[in-house]
Amino acid sequence: MLKLYETEVASRLLLGTARYPSPSVLAEAVSHSATEIVTVSLRREAAGGRSGGAFFEMIRALGVRVLPNTAGCHGVSEAVLTAKMAREVFATNWIKLEVIGNHDTLQPDVFGLVEAARILAGEGFEVFPYTTDDLVVAERLQEAGCKVLMPWCATIGSAAGPLNLPALRAMRAHFPEMPLIVDAGIGRPSHATVVMELGFDAVLLNTAVAGAGDPVAMAGAFAGAIQAGRQAFGAGMLEPRDMAVPSTPVIGRAVFS
């Protein structure tokens, strides 16, 4: 089981809800993935007026836990206000905190992120910060009150997969007890398996599933890949070697004169 703040979940796949071809495809993908947590952008959906309200009702009908996010927010005050609105709409203290610093890469503004996290944690929110793989930033977020971290492995929507494995390994080693969820940059099920094999606790996906030719089938593929990676990590994998090691015993082999 994965414990996020005081909530335990069995699934280690968190699923985004944006850019699906239709609400019915989204609902099928959520069901097929067996996820227990979906993320929702209050700012994006609220801009849809009446359709935004219908979308929120559909999300509630899925029977999963909602992790609202502050996607699209470029400043501390905007992110804090959006988080407070999300708490009222979804009746949850959970918030996936995003404070974007660069329009092109959607890289987090880590300075604003830490400031917003401190404000929200002080007001009773349970913050899930979208951050980089920088250890110093991670420490500051922990000091601000975050008990979960969500580092990227590549830029949002890039599908590039983990670009800096040493940095991800270092983060896992530096925070052995804190839940770490890889958020952003995953493009293939094999990417998800790789980060889970490093010991990360979960993966959050959106574009890789919603943008697939068959989002429902892809949701299932990611669910299996994440489970396989977690099982492999728990089983204890062999480390790479510099020389061959025979799998067949040498002792007892036939000797010919």
Side-chain angles (χ1 to χ4, degrees), residues 1-5 9 11-14 16 37 39 67 69-70 94-102 105-118 120-121 126-208 222 225-237 239-240:
M1 297 291 285
L2 171 61
K3 187 174 183 179
L4 302 172
Y5 288 93
V9 294
S11 174
R12 294 176 182 270
L13 169 58
L14 288 71
I37 301 171
T39 64
L67 173 60
N69 67 57
T70 62
W94 278 17
I95 191 71
K96 182 193 169 197
L97 180 61
E98 299 183 29
V99 182
I100 301 302
N102 183 279
T105 65
L106 301 179
Q107 181 170 334
D109 172 0
V110 295
F111 305 102
L113 181 67
V114 172
E115 182 181 349
R118 183 173 291 109
L120 291 172
E126 295 175 330
V127 181
F128 295 65
Y130 161 61
T131 184
T132 64
D133 53 20
D134 187 286
L135 288 181
V136 176
V137 175
E139 288 180 339
R140 296 295 180 271
L141 288 167
Q142 184 181 41
E143 292 167 2
C146 298
K147 297 181 180 179
V148 175
L149 296 175
M150 303 184 75
W152 68 359
C153 73
T155 52
I156 292 176
S158 67
L163 298 180
N164 194 342
L165 288 174
L168 293 175
R169 286 193 186 94
M171 179 167 281
R172 178 71 283 175
H174 197 71
F175 298 97
E177 303 300 329
M178 177 176 283
L180 300 178
I181 303 171
V182 171
D183 175 20
I186 296 287
R188 300 170 180 264
S190 57
H191 296 160
T193 301
V194 167
V195 297
M196 294 301 292
E197 287 176 348
L198 293 178
F200 280 78
D201 296 285
V203 171
L204 192 155
L205 303 164
N206 192 157
T207 308
F222 269 108
I226 290 168
Q227 183 179 19
R230 182 66 184 182
Q231 288 178 340
F233 172 74
M237 296 172 293
E239 293 299 320

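In terms of modelled atom types and a separation under 3.5 Å, the side chain of T70 and the main chain of E98 share a donor-acceptor contact. Checked by atom type and distance alone, the side chain of R230 never pairs as donor or acceptor with a backbone atom of M196 at under 3.5 Å. Here the side chain of R118 pairs no donor or acceptor atom with the backbone of A144 at under 3.5 angstrom. Between the side chain of T39 and the main chain of L67, no donor-acceptor pair closer than 3.5 Å is present.
Atom CG of D183 sits about 9.0 Å away from atom SG of C153, to the nearest 0.5 Å. Considering CG of L198 and CG of L168, their distance stands at 6.5 Å, rounded to 0.5 Å. Atom CD of residue E115 and atom CG of residue L120 lie 10.5 Å apart, to the nearest 0.5 angstrom. Rounded to the nearest 0.5 angstrom, L204 CG and R12 CZ are separated by 14.5 Å. Here CG of L97 is found 10.0 Å from CG of N69. Values are rounded to the nearest 0.5 Å. Between H191 atom NE2 and I186 atom CD1 the span is 7.0 Å, to the nearest 0.5 Å.
For C146 against P129, the heavy-atom pair with the smallest separation is SG-CG, 3.7 Å. The two residues G145 and Y5 come nearest to each other via the heavy atoms O-OH, 4.2 Å. The two residues N102 and T105 make their nearest non-hydrogen contact at OD1-N, 2.8 Å. Considering every non-hydrogen atom in both T193 and A225, the closest pair reads OG1-O, 3.1 Å. Taking every heavy atom of both residues into account, G185 and S158 meet most closely at CA-OG, 4.0 Å. Residues A138 and L149 approach most closely at CB-CD1, 3.7 Å, considering heavy atoms.
Between R169 and D133, no side-chain nitrogen of the basic residue sits less than 4.0 Å from a carboxylate oxygen of the acidic one, so the salt-bridge criterion is not met.
Heavy atoms of other residues, nucleotides or ligands lying less than 6.0 angstrom from CZ of F111 number 12 at most. Residue R172 places its CZ atom among more than 12 non-hydrogen atoms of other residues, nucleotides or ligands, all under 6.0 Å distant.
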With side chain to side chain contact (heavy atoms under 4.5 Å, CB included) as the criterion, how do M178 and V148 come out once you've worked through the C-alpha distance, each side chain's angles and the decisive distance to 0.1 Å? CA-CA 6 Å; M178 177 176 283; V148 175; 5.6 Å; no
Check the pair R140, D134 against salt bridge (Lys or Arg N to Asp or Glu O under 4.0 Å), reporting the backbone distance first and the verdict last. CA-CA 10 Å; R140 296 295 180 271; D134 187 286; over 6 Å; no
Begin from the C-alpha positions of M150 and V127 and carry the test side chain to side chain contact (heavy atoms under 4.5 Å, CB included) through to its verdict. CA-CA 10 Å; M150 303 184 75; V127 181; over 6 Å; no
May I have the step-by-step check of side chain to side chain contact (heavy atoms under 4.5 Å, CB included) for T155 and L106, ending in yes or no? CA-CA 7 Å; T155 52; L106 301 179; over 6 Å; no
Would L141 and L113 count as a side chain to side chain contact (heavy atoms under 4.5 Å, CB included) if you check the C-alpha gap in whole Å, the side-chain angles of each, and the deciding distance to 0.1 Å? CA-CA 8 Å; L141 288 167; L113 181 67; 3.9 Å; yes
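Between Y130 and W152, the angle of the ring planes goes over 60°, which puts this pair in the perpendicular group of the 30/60° scheme.
By the 4.5 Å heavy-atom criterion applied to side chains, L2 and L4 are counted as neighbours. At least one side-chain heavy atom of P108 sits less than 4.5 Å from a side-chain heavy atom of T132. The side-chain heavy atoms of V195 and V203, taken from C-beta on, include a pair separated by under 4.5 Å.
Aromatic pair F233/F200: centroids not less than 6.0 angstrom apart.
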